[in-house]
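A short write-up of the structure that comes next.
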Amino acid sequence: MTAYWLFKSEPDAYSFDQLEKDGHTEWTGVRNFQARNNMKAMKVGDLGFFYHSSTKVPAAVGIVKVVRAAHPDPTARDRKSEYFDPRATADNPIWEMVDVAFERRLPRPVTLAEMRANPDLAATMVLLRKGSRLSVQPVHPREWKIVLAMAGSPAP
DNA sequence: GCCAACGTTGGC
DNA sequence: GCCAACGTTGGC
């Protein structure tokens, strides 16, 4: 059973365009336990929305596929990384990451404002909860379908 | 740039 | 264990 997720990224830091060029990437730098736990729950083959945050028009812009399950995030133990965490050790890496691959671009972006305006999403979607900051979050299959439809995308 | 909401830290 | 203070996120 495929599960669905949403990955936030600031396009200035790492954009969906960049992922398309790269083909795949390691989702490094998550330093929130709930977001980490969501990654630990992911299985290879799961799909996720790629969401652009902290930008002029925040929006879901594409779809990624999980191609490697959670494993230790090496940036936590890299003294030179901005994501360095002195508590992380080889025995207890604390922070993990998944690898994701470019799957496809949405026919058109679905903006945060559009999602918020959709009563079928507003009540339940984690992204739309007041004060929601979770950078890796679950998406209910029902929500997944609705957002895909809003993007003008045929069901996969 | 502002600020509400959140997660984390640390004093007690 | 509580909670105030702080730093960060992220929409607006």
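Below, chains carry the letters A, B, ... as their sequence lines are ordered, and counting in each starts from 1. Values below: all heavy atoms of this structure, side chains included; hydrogens, waters and symmetry mates excluded.
Side-chain atoms of A:Asn38 come within 3.5 Å of backbone atoms of A:Val136 as a donor-acceptor pair (strictly under, hydrogens ignored). Here the side chain of A:Asp99 pairs no donor or acceptor atom with the backbone of A:Val67 at under 3.5 angstrom.
The distance from atom NZ of A:Lys130 to atom C1' of B:dC6 is 13 Å, rounded to the nearest whole Å. Protein atom CD of A:Glu114 is 13 Å distant from nucleotide atom P of C:dC12, rounded to whole Å. For the pair A:Glu10 CD and C:dG11 P, the computed distance is 9 Å after rounding to whole Å. Taking atom CZ of A:Arg31 as the reference point, atom C1' of B:dG7 lies 15 Å away to the nearest angstrom. One interatomic measurement links the two molecules: CG of A:Asp85 to P of C:dT8, which rounds to 14 Å at whole-angstrom precision. Rounded to whole Å, atom C1' of C:dT8 lies 14 Å from atom CG of A:Leu134. The NE2-P distance, from A:His52 to C:dT9, rounds to 17 Å in whole Å. Computed from coordinates, the A:Leu112 CG to C:dT9 P distance equals 18 Å when rounded to whole Å.
Centroid-to-centroid, the aromatic rings of A:Phe50 and A:Trp27 come within less than 6.0 Å.
The same ILVMFWY cluster, assembled from side-chain heavy atoms under 4.5 Å apart, contains both A:Val147 and A:Leu128.
At a threshold of 4.0 angstrom between heavy atoms, the contacts of A:Ser53 are confined to the sugar-phosphate backbone, with no base atom among them. Heavy atoms of A:Arg87 sit under 4.0 angstrom from primed sugar atoms or phosphate atoms, though from no base atom.
For C:dC12, one of the phosphate oxygens OP1 or OP2 lies less than 4.0 angstrom from a side-chain nitrogen or oxygen of A:Arg116. Under 4.0 angstrom from either OP1 or OP2 of C:dT9 there lies no side-chain N or O belonging to A:Tyr51. Under 4.0 angstrom from either OP1 or OP2 of C:dG10 there lies at least one side-chain N or O belonging to A:Lys8.
For the pairing with A:Tyr51, the side chain to side chain contact (heavy atoms under 4.5 Å, CB included) check across A:Pro58, A:Ser9, A:Ser135, A:Pro109 returns one residue only, A:Pro58.
You'll find that the side chain of A:Pro58 is closest to C:dG11, out of C:dG11, B:dG7, C:dG10.
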